[in-house]
2 protein chains.
Amino acid sequence: MANDYSDDRLRLAARLYYVDGLAQNEVARFAKVSQAKVSRLLALARERGIVRITVADYEPRRRELEGQLVERFGLSTAIVLKAIDGLSSGDLRRSVGHFGSSAVEALIKPRDVVAIAGGRTIHELVHHLPQPANKALTVVQAMGSVDANVNAFDAQEVGRVMAQRLGGSFLALNVPAYMPDRRTRDALLQLEQVRNVHERLGSAQAALVGIGTLSNSVFIERGVLKPADIAELERAGTVGEICGRFYDADGNEGATSWRDRVISIEVDQLRRIPLVLGVVSGSDRSAAIIAAIRGKLLKGLIIDEAGAIALLAVSAAAPVPKARKRKG
Amino acid sequence: MANDYSDDRLRLAARLYYVDGLAQNEVARFAKVSQAKVSRLLALARERGIVRITVADYEPRRRELEGQLVERFGLSTAIVLKAIDGLSSGDLRRSVGHFGSSAVEALIKPRDVVAIAGGRTIHELVHHLPQPANKALTVVQAMGSVDANVNAFDAQEVGRVMAQRLGGSFLALNVPAYMPDRRTRDALLQLEQVRNVHERLGSAQAALVGIGTLSNSVFIERGVLKPADIAELERAGTVGEICGRFYDADGNEGATSWRDRVISIEVDQLRRIPLVLGVVSGSDRSAAIIAAIRGKLLKGLIIDEAGAIALLAVSAAAPVPKARKRKG
DNA sequence: TACAGGACTGAATATTTATTCAGCATCTGC
DNA sequence: GCAGATGCTGAATAAATATTCAGTCCTGTA
């Protein structure tokens, strides 16, 4: 009649439900309680380990592809996540985020300083990080804010969540991502609040970054780049972008006016970070990724299998430095 | 896209659902299928053992009470099933049937001849017997049919189900349970079809019977007994009934006119069966049970815990044969 | 080539399960 | 003893899951 969460009660319910296959309704009659309570009893039984559900391991990674990427591109780390063919880009990001998060969690050591960029895939990944951890990280925003209305994908938000999830503090870069001119930009960089954070980026042990292209980056998406900017970047041979840094096929940042206006981690700072992980979902970034690797802007990749395959296919056609072999 | 029930697919679904706690909807997006199919994938994963659910054993029996019953009444077998207080009689029967069935299944050996009576609790029990078994039993109906409209609780139906579930054949006693007079009854008993079955009852290794009282038996319930019959039975000191045999406090069948008109297993046949199991739910039959045991009509009991406790309480007040000790 | 049979699918729907909510009981600190 | 907090309950309901069903796509046959 009264509150009775004895093990025997829980076992009765669990046995009838899981072993004998009765519906909660029927279990309720045996136990003389409401169906609602049976639901609660079962939840408790699972929690207390009276009911144990084990699932044969699912291997979410494509280890052979990881090996090939490491070998072909001289990466220190490659995480290739399985993904069903034909997923929408949203679901693909979700897959990469879901299964990539545990790998990332394993790669980041306690007390690390981590530079972090925004982006949808990174957002997805960060939101799947295990909740109860205390790594005492320092998570540092790697690029200013693209515009005033902050959305969930922005570095500011993503970094905050990461620090909260893995435990640690978040250092925000409380400035716009770009200024009208170099002078203003430099002035801003001198501000103590900004300078401290910006310098901190150089001492990071790890970074999580997305990779953009000239036709597909957050700056295009939000209409930040003017036609003149785009033309200039094109002239500079831009093939990709990381944290607002546009680079050419060798992974070098072009000397454009944009370069002088952006506020984000410097290319040289990035090169100094031992573990810069590019987080990518999709197969349309191969050239940008290859160039970034060539320029030492990236040391590792987290990518879906189709993306990895595309990358390998492209590089087979156009050799990259450090490539030791070519297929067939 | 197509039919792909690969283990990897199943593991993916199982992992996301059971380990990561996603809803089937969300799993569906990962796997690029409909929610309906996820449900099917998961069912298959459970079936194939990719998902394994284990439940800490629930002990459905009250072993100490069983021991006390065996000791106090000299029974060969006692199965006492736990049941929550305050269950309706229907739910109580359900409990006894559900958990008693596996004990019964263990007690009945392959190739046994089993006499069977009708009754709600026996019905419940039989319907919980494990489906896939082949014991090559001969299940024999122990009493004729009470009236023309056969219901699910009648021996005819219950016996058929038992034979089907445990494997074996069912011998029906295709006659009414009682005749207008002795002569007709005896004539019927001479019919080959009837005689063969009736004789077979004597050679049974086991029997499942219910226990009635004069105020609560199938014959009262269906209005078979006339006031004159009842008066006569009362005069004969009737305290209980098994398979249409009304007996007194010593477990002896009274010499009433009813005795000469009923078609069912004979008391002497019953006494010869090594394992006569009384299947009881509820606490209102103690006197009838005790008398039956005294008269060797029962050798075992399957009963709910409240019934067992009542039985022990009654017998503590009024000692029974074979009682070796008395409490306090 | 046409066509029946079988297997499989997702949309719609029926069924089952989890959650919300209001009511009641039991503490707790006056 | 009493207001307020806390916790537990089942009815109602929201949400999730299982099943039905009609259509599609094979595959083997005439």
Side-chain angles (χ1 to χ4, degrees), chain A residues 1-55 58 83-88 90-92 94-95 98 128 131, chain B residues 1-55 58 83-88 90-92 94-95 98 128 131:
Chain A
M1 200 132 298
N3 157 25
D4 177 3
Y5 288 115
S6 68
D7 268 20
D8 200 56
R9 201 82 167 300
L10 297 181
R11 283 175 196 208
L12 169 62
R15 149 76 191 263
L16 290 170
Y17 186 76
Y18 285 107
V19 180
D20 300 328
L22 303 195
Q24 295 185 1
N25 241 331
E26 310 182 81
V27 176
R29 297 176 58 181
F30 273 79
K32 188 90 173 157
V33 292
S34 63
Q35 175 269 315
K37 178 140 192 202
V38 172
S39 177
R40 291 188 269 250
L41 287 171
L42 291 172
L44 193 55
R46 288 189 297 264
E47 198 173 296
R48 288 208 198 155
I50 287 171
V51 173
R52 200 158 301 193
I53 301 182
T54 55
V55 177
Y58 169 69
I84 303 286
D85 265 3
L87 287 182
S88 72
D91 291 338
L92 183 58
R94 193 181 296 256
S95 281
H98 188 98
H128 283 101
Q131 188 72 259
Chain B
M1 200 134 295
N3 155 30
D4 177 4
Y5 288 115
S6 67
D7 267 23
D8 199 56
R9 200 81 168 300
L10 297 180
R11 283 174 196 209
L12 169 62
R15 149 77 191 265
L16 291 170
Y17 186 75
Y18 286 108
V19 180
D20 299 328
L22 303 195
Q24 294 186 1
N25 242 332
E26 309 183 82
V27 176
R29 297 176 57 181
F30 273 78
K32 185 88 174 160
V33 292
S34 63
Q35 175 269 318
K37 178 140 191 201
V38 171
S39 178
R40 291 189 271 250
L41 287 171
L42 291 172
L44 193 56
R46 288 188 297 265
E47 199 173 294
R48 289 210 197 153
I50 287 171
V51 174
R52 201 158 299 194
I53 301 183
T54 55
V55 176
Y58 169 68
I84 303 286
D85 266 4
L87 287 182
S88 72
D91 291 338
L92 184 57
R94 193 180 296 256
S95 281
H98 187 98
H128 283 100
Q131 189 71 259

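A note on names: the letters A, B, ... follow the listed sequences, proteins ahead of strands, and every chain is numbered from 1. Please read these numbers as outputs of a predicted model, since none were measured by experiment.
Applying the salt bridge (Lys or Arg N to Asp or Glu O under 4.0 Å) rule to B:Arg29 yields the partners A:Asp91; only residues at least two apart in sequence or on another chain are considered. Annotation: salt bridge (Lys or Arg N to Asp or Glu O under 4.0 Å) contacts of B:Arg48 (sequence neighbours excluded): B:Asp7. Qualifying ring pair (Phe, Tyr, Trp, His ring centres under 6.0 Å) partners for A:His98, counting only residues two or more places apart in sequence or in other chains: A:His128, B:Phe30. In this structure, the side chain to side chain donor-acceptor pair (under 3.5 Å) partners of B:Arg15, at least two apart in sequence or on a different chain, are B:Asp20. Not counting sequence neighbours, the partners of B:Tyr58 by the ring pair (Phe, Tyr, Trp, His ring centres under 6.0 Å) test are B:Phe99.
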| task | Produce a footprint string for nucleotides 16-23 of chain D: one letter per nucleotide, 5' end first; B if the base is under 4.0 Å from any protein heavy atom, S if only the sugar-phosphate is, - if neither. | result | -BBBB---
